[in-house]
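Reviewing the structure listed below.
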Number of protein chains: 2
Amino acid sequence: MGIKERKELEKQEMRTLILDTAMKLFLEKGFENITLRHIAEKIEYSPATIYLYFKDKDEIIYTLHREGFEKLYGWQQKILTIKDPLKRLHKHAEMYVSFALENPEYYDLMFIERAPFKKIKEMKCKDGMNWEIGMRSYDLLRKNIEDCKKAGVFQNTNIDVAAFSLWSFVHGIVSLIIRERCSMFPEEQRHDLVKCALDFMQENILLTGLKKRS
Amino acid sequence: MGIKERKELEKQEMRTLILDTAMKLFLEKGFENITLRHIAEKIEYSPATIYLYFKDKDEIIYTLHREGFEKLYGWQQKILTIKDPLKRLHKHAEMYVSFALENPEYYDLMFIERAPFKKIKEMKCKDGMNWEIGMRSYDLLRKNIEDCKKAGVFQNTNIDVAAFSLWSFVHGIVSLIIRERCSMFPEEQRHDLVKCALDFMQENILLTGLKKRS
DNA sequence: TTATTTAGTGAACGTTGTTTAGTAATTATT
DNA sequence: AATAATTACTAAACAACGTTCACTAAATAA
């Protein structure tokens, strides 16, 4: 009885078709252009059809949100090869920023936009394991900081406090840029500014910790 | 001919009635509840009437956005009395964070939400002086850092880099909280976490600068 | 008293997301 | 092979949104 399986496969194909189209519209024309009617038009089905594959619009957005975390986790693998924990942590921050600035729509969905959160709250009630994907990334940061502590930096600092602080710093940088709050800095200097800000962190936090150690 | 003036006054009163109602709905039920129809219902006028006092919905949102900056600027006056530039800078950060967390809807409108920006771009074309209100707050930060430099801290750091870095840090903290990305930290510990993060900055950046000086 | 300007509205338009009743086509059963 | 059951899909409608416009009633000017 291979029919059930074929049907299941077709259902899955339709789901990814919808998701890919949604993401394409999202990347092309921004968040407000993910409308069910636009998606339906692009895939040449009626709007109602989408409801056979997703419960509602929020479920589509939530799924894209998850995809973003998968993608970020992929990027983060790059830094694992670095041996020196301090260098790794600095590279970690750099990687985070470049992920955000090269995939601003994904980043927005993952860390700024309110929309996916109705769904997340629903999910967390019946399935606590669903936030796990986002958690993996946080755990990686936490582990990196732990390694730095072992190497003598941040010795008087709680790991979560350090993690939250560093995360806040990089998130602040990219979200001010993505949400266009940096008009006082000329556009063409912005890339340098980000680089300088990361160096500022490197010098004042990471290297300071190093000096304290020696 | 006092009629013209009375009419002008009544027009102004209606505008503030609309704005106050919009803000009330906003505070009560979140951003998505600022709908012209809700506002109209609350003030017991027809939706069309609002268009006699505001060009469109964006103009209402933009005006609330400006009000937010006025309010922030008011809060910022509190720190001007502090003589020691380092203490003042630390207090500045503390004030910024508590403004944001005590007025999350205003903060969201001012530094996170995309909505007000169609209008801002329009304004900037014909009237460059309109971003001035937001700029005042940034200039205050810049000036504080300049004073710190005079006191010997941040001597090798560009002022704008330091300003952007510190701003990013505090913005990161509050925007992660406001947009609910901190579910890995228990709600009841969040207040402490913010305090610790600010101390983290104080110790690693400000006090480090101080040690370099001596 | 009449003419003109002003304040306000009802009804409509074109959008959204979402639901429902109904129609074809496919699969299962006899 | 003929019929019953299930599936895939859609047209049409709903409520709510921002916005516009023709229109009325009131206030002001002539």
Picking from [options], which would you name as closest to the side chain of [X]?
X: A48(A); options: dG18(D), dA11(D), dA7(C); answer: dA11(D)
X: L52(B); options: dC17(D), dT10(D), dT9(C); answer: dT9(C)
X: S46(A); options: dG17(C), dA11(D), dA8(D); answer: dA11(D)

Rounded to whole Å, how long is the line connecting atom [atom1] of [X] with atom [atom2] of [N]?
X: K11(B); N: dG8(C); atom1: NZ; atom2: P; value: 9 Å
X: K55(B); N: dT19(D); atom1: NZ; atom2: P; value: 9 Å
X: D58(A); N: dT18(C); atom1: CG; atom2: C1'; value: 12 Å
X: I60(B); N: dC17(D); atom1: CD1; atom2: P; value: 14 Å
X: L17(A); N: dA8(D); atom1: CG; atom2: C1'; value: 15 Å
X: E10(A); N: dT26(C); atom1: CD; atom2: C1'; value: 11 Å
X: L36(B); N: dT15(C); atom1: CG; atom2: C1'; value: 14 Å
X: Q12(B); N: dA7(C); atom1: CD; atom2: C1'; value: 17 Å

Query raised in the report: Salt-bridged, E94(A) to K91(A), with N to O below 4.0 Å?
Result: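 Answer for the salt bridge query: yes.
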Requested in this report: Measure up the Y138(B) and F185(A) rings against each other and bin them: parallel (under 30°), tilted (30 to 60°), perpendicular (over 60°).
Outcome: perpendicular
So what does [X] touch, heavy atoms closer than 4.0 Å: a base, only the sugar-phosphate, or nothing?
X: T49(A); value: base
X: I50(A); value: nothing
X: Y53(B); value: sugar-phosphate
X: I39(A); value: nothing

Report task. Report yes if a side-chain nitrogen or oxygen of H38(A) is closer than 4.0 Å to either non-bridging phosphate oxygen (OP1 or OP2) of dT16(C); otherwise report no. Result -> yes
**Report entry** Short side-chain N/O contact from Y51(A) to OP1 or OP2 of dT10(D), under 4.0 Å
**Finding:** no
Requested in this report: Check whether NZ of the Lys or CZ of the Arg K78(A) lies under 6.0 Å from the centre of the six-membered ring of W75(A) and within 45 degrees of that ring's axis.
Outcome: yes
Query raised in the report: Cationic tip of R179(B) within the cone over F111(A)'s six-membered ring, i.e. under 6.0 Å and within 45° of the normal?
Result: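 No, R179(B) does not sit over the ring of F111(A).
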Report task. Decide yes or no for L193(A) and I177(A): does some side-chain heavy atom of the first lie under 4.5 Å from some side-chain heavy atom of the second? Result -> no
Query raised in the report: Which comes earlier along DNA chain D counting from the 5' end, the contact point of R37(A) or that of Y45(A), where each point is its nearest nucleotide?
Result: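 On the 5' side of the pair lies Y45(A).
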